[in-house]
Amino acid sequence: MSTIAYFGPRGTFTEQAARSLATDQELVPADTIAAALAAVRAGTADAACVPVENSVEGPVNATLDGLATGMPLVAVAEALLPVHFSILTRPDITEPAEIRTVASHPHALAQVRQWLADTLPDAQTVAAASTAAAAVAVQRGECDAAVTAPVAAEHYPLRILATGVADVLDARTRFLLVRPPGPLPEPTGADRTSVLASTANRPGALAELLTELAFRGINLTRLDARPARGNFGEYRFFLDFEGHLAEQRVGDAVAALYRRCSSVRFLGSHPRADRVADTIAPAAANDDYSNAAAWVAAVQAGETA
Ligand SMILES: O=C(O)C(=O)Cc1ccccc1
């Protein structure tokens, strides 16, 4: 049976995402995002499920950095989960006033900052590796409360202080299923393509890349810059945009990025979880490209002008 390594331990949001993406694979927890990706690179898992961006806190840097270097991995599917939290405490804690420390993943703490300030103003926040790792820390008596996924209450014998906690209603996190390069999923008309582009540090370099997309009417859905780490001030750009590499405008744009950049890493083309259809600008459909290419070929062959 094939396996999916997910950012765990049991009871994380990522486990929920992995469950929604798994067909008949076995799910195996990894303690960190890096460990989940490493399991695929080492061949001990066939795919990894990791969070990539949140509608409140933005990018998950551990995932972006983990995909930027090492053996290339390609996203073949994504999941979008609504994110609201449960607050779990040790069973011996009976009053909120007894809670001195609240642990969670930094993304989770950032999304309940206002709730904590209103409800537990004297509690200190403590960063944990994941929301479920925070539940484990509470179970071990290392912290008083954890901000967790609702499902964590089923895995850890803790008291539920509150459910449905979120400063921003309708917050969502997007997760990726990544695996080594192989056949791409078929285009569906509602797809997302991701690339990592490194450019020379010179005026207009990023604008040129974006212009390649804009010329072809391709809608950008995310742009993140991460330090390239070698030279202070040099960045790598993570670009997500609508469409599939198999579509001509997208293939053409990715080829143009490849020409212009010092390096390009393809990070996947896969169906969008929200099923929002691709925007295709006038004259940018596959037929438009094919007709134009057929005309140029005929001109080159001296058949027309
Ligand atoms: O820690 C988890 O449960 C995760 O899967 C990462 C995360 C943290 C906060 C919101 C969404 C995902």
Side-chain angles (χ1 to χ4, degrees), residues 4-22 25 27-40 45 47-67 75 77-89 101-116 125-140 142-143 145-156 158 160-178 222 224 273-274:
I4 299 177
Y6 68 89
F7 175 37
R10 290 176 68 204
T12 55
F13 284 101
T14 311
E15 183 189 7
Q16 272 178 262
R19 285 198 186 289
S20 76
L21 292 169
Q25 297 97 327
L27 301 186
V28 184
D31 282 344
T32 61
I33 288 172
L37 299 177
V40 185
C49 186
V50 289
V52 65
E53 68 170 327
N54 175 266
S55 60
V56 179
E57 266 301 286
V60 180
N61 291 335
T63 295
L64 300 188
D65 292 343
L67 293 175
E78 67 175 31
L80 201 56
L81 288 190
V83 175
H84 51 85
F85 300 91
S86 295
I87 313 294
L88 306 185
T89 65
T101 50
V102 181
S104 200
H105 187 276
H107 265 247
L109 292 172
Q111 291 179 65
V112 299
R113 211 172 270 142
Q114 192 58 52
W115 187 91
L116 289 175
T125 56
V126 179
S130 68
T131 56
V136 172
V138 173
Q139 202 180 348
R140 288 186 183 145
E142 295 162 8
C143 298
V147 181
T148 71
V151 72
E154 294 167 25
H155 296 295
Y156 304 99
L158 300 172
I160 302 173
L161 177 72
T163 57
V165 174
D167 291 347
V168 177
L169 291 178
D170 205 26
R172 288 178 296 170
T173 298
R174 193 162 63 89
F175 300 82
L176 297 178
L177 188 68
V178 299
R222 183 172 67 92
D224 284 311
D274 59 13

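All values derive from a computational prediction rather than experimental measurement. Scope of the values below: all heavy atoms of this structure, side chains included, with no hydrogens, waters or symmetry mates. Each ligand, and each atom within it, is numbered from 1 in the order the structure gives.
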For Ser130, the ligand 1 atoms whose distance to one of its heavy atoms is below 4.0 Å: 1 (O)
Per-atom contacts, ligand 1 versus His105 - under 4.0 Å to a heavy atom: 1 (O), 8 (C)
Contact check, side chains of Arg174 and Arg222, non-hydrogen atoms, under 4.5 Å: yes
Proximity flag Asn54 to ligand 1, non-hydrogen atoms under 4.0 Å: no
Nearest non-hydrogen protein atom, atom 6 (C) of ligand 1: Phe7 CE2, 3.8 Å
Location of contacts on Thr173 toward ligand 1, heavy atoms closer than 4.0 Å: side chain
Nearest-neighbour protein heavy atom for atom 7 (C) of ligand 1, which is reported as residue plus atom name and distance: Phe13 CD1, 4.3 Å
Heavy-atom check, side chain of Asp167 versus side chain of Gln111, under 4.5 Å: no
Sub-4.5 Å side-chain heavy-atom contact between Asn54 and Val60: no
Closest approach of any protein heavy atom to atom 3 (O) of ligand 1, naming residue and atom: Thr131 OG1, 2.4 Å
Side chain to side chain, Ile33 and Pro51, heavy atoms closer than 4.5 Å: yes
Residue and atom name of the nearest protein heavy atom (relative to atom 5 (O) of ligand 1), distance in Å to one decimal: Thr14 OG1, 2.5 Å
Side-chain heavy atoms of Val102 within contact of Val126, under 4.5 Å: no
CA sep, side-chain torsions, deciding dist, call: Phe13, Thr173, side-chain contact (heavy atoms from CB on, under 4.5 Å): CA-CA 9 Å; Phe13 284 101; Thr173 298; over 6 Å; no
